[in-house]
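All remarks here apply to the structure that follows.
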Number of protein chains: 2
Amino acid sequence: MKKDFECTQESYAREILREKGLKSTVQRLAVVHVLHTSGKSLSVGEIHDGVKGILGTTGLATIYRTLEMFEDLGIVKRLHFPDGGRGYAFSQGDHVHHMVCVDCKGVFDFPECPVENFDYASVEKQGFIVRDHFVQLFGQCEKCAEAA
Amino acid sequence: MKKDFECTQESYAREILREKGLKSTVQRLAVVHVLHTSGKSLSVGEIHDGVKGILGTTGLATIYRTLEMFEDLGIVKRLHFPDGGRGYAFSQGDHVHHMVCVDCKGVFDFPECPVENFDYASVEKQGFIVRDHFVQLFGQCEKCAEAA
DNA sequence: GAGCTAATTGAAAATCATTCTCATTTAACA
DNA sequence: TGTTAAATGAGAATGATTTTCAATTAGCTC
């Protein structure tokens, strides 16, 4: 099978898959490749198209299965758009937030956590225990800001 | 028509609707009532059921239309759950974040913005302009933490 | 309060997204 | 190279959301 798209990100995915006893199929590696090289957030359909471009044919169900699994493994992150749409972005590393360009859907990592040093006093006063958070920034990348 | 559920939140919605030249229908006010009195995040189906409980019969399309519109008006906020599910929460006021109990789906407002004072230097260095953000906290409310 | 009008609703069909099933294929390892 | 459990593909099934259009209604005006 074609593996001419192998690069750092595919190796990274391979390793995580092997650690968990999961198979590194061409479909899975193609999903990583498509997401990573696009550099932006893609819909399920766009990912499907991208993978079909590499492998010729691929079942849509496989894309769904792969994305769900990759999300659990922390390889991709699901993003939510104000219009209700969803996108997936490659997400190497554990705790990364994303900044999304609303024009080109470009995704840019954001290593510092904006919420990390936040004082949860007002919430904790009510008895809550904060366990996790979802943070996503919206804006414009340099290119799109200039074009506007 | 039954309006015995009128209270502060319904008046609030009425006012916003009137400002925008939109009609305060019983269906719309019932959606506000259901969401507000539940105190938690509800799915579209749960909201539909709640409204049917008040009005007898209501079209599902109306619920969808109302929620979309209320989201634009800032009356409700769409929440996203790790499992992919979506929920809607009543959201009086402009810039409120939410903390959601993963057990009971209870929603608690969070007036301080965790992102407000964050230093966007690393992102701005790349030429980005941050325009908006989505922040959602997950955890356990007092009740559910004790029950666990 | 009755009439007018544009906005809104309801019901069902249409569309779109996601999951499931099961026979076939394949990656990983011996 | 053979074995085997995991993964895939194709399409059916399910579920979520949107659209359509005739009927209804809220918000005016008088």
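All values derive from a computational prediction rather than experimental measurement.
- Rounded to whole Å, atom P of D:dA16 lies 14 Å from atom CZ of B:Arg78.
- Of the listed residues (A:Ile47, A:Val26, A:Val51, A:Thr66), just one forms a side-chain contact (heavy atoms from CB on, under 4.5 Å) with A:Thr58, and that residue is A:Val51.
- Proximity note for A:Thr25 (side chain, C-beta onward) versus D:dG27, D:dT20, C:dA27: the nearest is C:dA27.
- A:Leu55 places its CG atom 17 Å from the P atom of C:dT25, with the value rounded to the nearest Å.
- Between C:dT26 and A:Gln27, no contact under 4.0 Å exists linking OP1 or OP2 to a side-chain N or O.
- When distances run from any side-chain atom of A:Thr62 to the nucleotides D:dG9, C:dT9, D:dG27, the shortest one goes to D:dG9.
- The neighbour count for B:Glu68 CD, taken as heavy atoms of other residues, nucleotides or ligands under 6.0 Å away, does not exceed 12.
- The B:Lys23 side chain lies nearest to C:dA7 when the options are D:dA6, C:dA7, C:dG10.
- The distance between atom NE2 of A:His48 and atom P of D:dG9, rounded to the nearest whole Å, is 8 Å.
- The distance between atom CZ of B:Arg65 and atom C1' of D:dT25, rounded to the nearest whole Å, is 14 Å.
- Atom pair A:Arg14:CZ and C:dA28:P shows a separation of 7 Å (rounding to whole Å applied).
- In this pair, A:Phe128 and B:Phe108 present their aromatic rings tilted. The plane angle is within the 30 to 60° band.
- Base contact: A:Leu60 has a heavy atom under 4.0 Å from a base atom.
- Proximity of B:Met99 to A:Tyr120: side-chain heavy atoms (C-beta onward) are nowhere separated by under 4.5 Å.
- Under 4.0 angstrom from either OP1 or OP2 of C:dT18 there lies at least one side-chain N or O belonging to A:Arg86.
- What separates CD1 of B:Ile47 from C1' of D:dT17 is a distance of 14 Å, to the nearest Å.
- B:Glu68 places its CD atom 13 Å from the P atom of C:dT8, with the value rounded to the nearest Å.
- The side chain of A:Ala61 approaches C:dC20 more closely than any other nucleotide in the set C:dC20, D:dT25, D:dA6.
- Residue A:Tyr64 has a polar side-chain atom (N or O) positioned under 4.0 Å from OP1 or OP2 of C:dT18.
- A straight line from CE of B:Met69 to C1' of C:dT8 spans 10 Å, rounded to a whole angstrom.
- The residue A:Arg28 sits close only to the backbone: its heavy atoms come under 4.0 Å of sugar-phosphate atoms, none of a base.
- Between B:His95 and B:His133, the side chains place a donor N or O and an acceptor N or O closer than 3.5 Å (distance only, hydrogens not considered).
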